[in-house]
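Everything on this sheet refers to the single structure shown next.
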Amino acid sequence: MRLAIIGTGAMARYYAKLFDILDPVMVGRHGGPFLLKNGEQKTLVTPRFLPWSDAHAFLFDVVILAVKWPAMPLVREFLQDAPQELLVISTMNGMGQEEALIPPLAPEQLMVGITTDAVTAYWDNQAQLPAARVSAVGQTILPLLPHPFLPLWQKQLQILNLTSSWKFLSAKMVLRERWIKLIANSVINPLTALANVPNGELPRLPLWSLSTALIHEATNVAKTIGLSIDDDLSSRILQLCQATATNKSSMLQDIEQRKVTEIDAINGYIVRMGHNHAIDVSTHQALVHLIHMLSQQK
Ligand SMILES: NC(=O)c1ccc[n+]([C@@H]2O[C@H](COP(=O)([O-])OP(=O)(O)OC[C@H]3O[C@@H](n4cnc5c(N)ncnc54)[C@H](OP(=O)(O)O)[C@@H]3O)[C@@H](O)[C@H]2O)c1
């Protein structure tokens with residue numbers, strides 16, 4: 001199986017090590033060796049690499065998308081000449097992958113799921129190499145699609161002993177899980193970025209009171225597409241902040257590193273959906289605006 005991993009950041013490094021027996025090719029702006037740190041174990045990984053300009057979808061059978069949203073125009077270009085058999089897997093945060101990538105892909109070629117794996121990119125001073133630190137090995141949930149390569153991919157997961165961490169559910173169940181993760185991200189990411197605090201401090205701040213309106217607006221939007229998310233999201237998100245207390249959210253890290261954030265694919269997606277269905281999403285809209293302003297100031 002010819003596997004491409006799109007991206008060279010934290011998740012891409014993690015996937016390159018996880019699927020190293022498939023000899024994957026990483027696609028991005030800069031390749032080369034890196035360290036993958038998982039617990040006490042540090043592994044040197046030297047995957048094959050292609051720059052965006054030389055990478056074409058027809059060279060691969062399966063593609064894993066592991067980039068941040070600003071790279072989406074390059075991903076679209078890469079997929080322009082995708083053969084019908086190509087299977088594309090995305091565990092990117094945020095929503096809108098289908099709108100961005102179908103076409104050029106057909107709906108059954110794009111498998112969008114979520115992961116609770118947590119990985120952070122860093123520079124290893126000792127080795128003088130780029131690196132990634134795995135802070136949690138969680139669950140990856142993907143939709144069951146009628147694609148000819150899906151059984152082959154599932155076979156690979158079995159060989160790698162990954163069947164308990166990579167799960168396949170109905171498309172409707174995965175969509176519901178994606179929305180729950182979207183809503184959690186839409187609260188934790190922008191609020192921690194605005195307050196400049198790690199996740200665990202957020203519930204102690206006055207800013208946390210916005211979470212009620214954010215959850216209410218987003219669940220109203222989810223209802224319009226037939227998703228009933230009546231779990232107690234507020235306490236689930238509170239628990240998530242506590243379970244990841246010392247973590248800096250990816251949006252806070254992007255702001256600190258003066259990178260473009262994923263706000264438009266997280267709160268921005270909820271705003272676009274809300275406006276399409278005439279639902280009040282003013283709190284999300286305010287946060288999109290504030291994060292854009294914060295990015296410009298940095
Ligand atoms: N890390 C996690 O624990 C985790 C968990 C769940 C989901 N996710 C999601 O997985 C995706 C990847 O996250 P990550 O943590 O791997 O991010 P990351 O470490 O910041 O890496 C991002 C990748 O996207 C590329 N990229 C960003 N902007 C680009 C642009 N304008 N043009 C070209 N390439 C660009 C970066 O290239 P350069 O290095 O060249 O800038 C890098 O290869 C995101 O959607 C994230 O939300 C991450």
Side-chain angles (χ1 to χ4, degrees), residues 4-18 24-32 34-38 45 47 49-55 63-79 88-97 100-101 112-124 129-142 165-166 174 177-178 180-182 184-186 188-190 192-193 199 240 243-244 246-269 291 295:
I5 295 166
I6 309 300
T8 56
M11 288 306 285
R13 289 173 198 167
Y14 174 63
Y15 289 138
K17 168 71 178 71
L18 195 62
V25 176
M26 290 177 96
V27 174
R29 296 196 272 211
H30 38 77
F34 61 84
L35 287 180
L36 200 281
K37 188 169 187 298
N38 197 345
V45 189
F49 171 75
L50 278 177
W52 289 101
S53 53
D54 296 346
V63 165
I64 301 180
L65 301 183
V67 281
K68 288 252 173 85
W69 273 87
M72 200 47 107
L74 287 167
V75 174
R76 259 187 76 86
E77 213 176 300
F78 165 79
L79 292 173
V88 178
I89 297 169
S90 166
T91 56
M92 290 167 63
N93 280 330
M95 298 279 258
Q97 290 90 335
L101 299 176
V112 184
I114 53 166
T115 185
T116 52
D117 292 336
V119 190
T120 310
Y122 71 99
W123 177 259
D124 192 289
L129 281 176
R133 184 186 305 106
V134 182
S135 48
V137 176
Q139 290 258 313
T140 300
I141 300 173
L142 294 171
S165 49
W166 284 59
V174 174
E177 293 303 316
R178 282 174 69 195
I180 290 173
K181 186 162 192 208
L182 177 77
N185 282 335
S186 78
I188 298 173
N189 269 289
T192 53
N199 296 354
L240 189 58
T244 58
T246 56
N247 290 11
K248 277 186 184 178
S249 73
S250 62
M251 199 168 288
L252 174 54
Q253 290 180 48
D254 285 340
I255 293 279
E256 283 179 344
Q257 293 165 25
R258 295 161 195 254
K259 291 184 180 171
V260 180
T261 70
E262 294 188 297
I263 189 80
D264 290 329
I266 302 176
N267 303 72
Y269 182 83
I291 292 294
S295 300

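Order of listing sets the numbers, starting from 1, for every ligand and every atom in it. We're numbering straight along the sequence, starting at 1.
- Counting heavy atoms under 4.0 Å from ligand 1, residue Asp117 touches it through the backbone alone.
- Atom 36 (C) of ligand 1 is never approached by the protein to below 4.0 angstrom, counting heavy atoms only.
- In this structure, of Asn93, Thr8, Thr120, the residue bringing a heavy atom nearest to atom 7 (C) of ligand 1 is Asn93.
- Counting heavy atoms only, Gly9 comes closest to atom 21 (O) of ligand 1 of the residues Gly9, Ser135, Ala136, Ser249.
- Ligand 1 lies nowhere less than 4.0 angstrom from a heavy atom belonging to Gly28.
- Lys181 places a side-chain N or O within donor-acceptor distance of the main-chain N or O of Thr115, the cut-off being under 3.5 Å.
- Within the model, atoms OG of Ser90 and CD1 of Ile6 stand 11.0 Å from one another, a figure rounded to the nearest 0.5 Å.
- When side chains are defined from C-beta on, Ile89 does not count as touching Val63, because their heavy atoms never get closer than 4.5 Å.
- Checked by distance only, ligand 1 and Ala121 stay at 3.5 Å or farther apart across all their nitrogen or oxygen atoms.
- When side chains are defined from C-beta on, Ile5 does not count as touching Phe49, because their heavy atoms never get closer than 4.5 Å.
- When the heavy-atom distances from atom 6 (C) of ligand 1 to Met251, Lys181, Lys68 are ranked, the shortest goes to Lys181.
- How far CD1 of Ile114 is from CD1 of Ile180: 8.0 Å, rounded to the nearest 0.5 Å.
- Proximity annotation for atom 25 (C) of ligand 1: of Val67, Leu65, Leu74, Val67 comes nearest, heavy atoms only.
- Those atoms of ligand 1 with a heavy atom of Gly7 less than 4.0 angstrom away are 43 (O).
- Note on Lys68 versus Asp254: salt bridge recorded, some NZ/NE/NH1/NH2 to OD/OE distance being below 4.0 Å.
- Residue Ala118 has at least one heavy-atom neighbour below 4.0 Å for each of these atoms of ligand 1: 3 (O).
- Ligand 1 has an N or O atom lying under 3.5 Å from an N or O atom of His30, backbone or side chain.
- Around atom 44 (C) of ligand 1, the closest heavy atom drawn from Met11, Arg133, Glu262 belongs to Glu262.
- Side-chain contact between Gln253 and Thr120 is present, with heavy atoms from C-beta onward closer than 4.5 Å.
- Around atom 29 (C) of ligand 1, the closest heavy atom drawn from Lys259, Arg29, Gln97 belongs to Arg29.
- Note that CG of Asp117 is 5.0 Å distant from CE of Met11, once rounded to the nearest 0.5 Å.
- A heavy-atom distance below 4.5 Å is not found between the side chains of Trp52 and Glu77.
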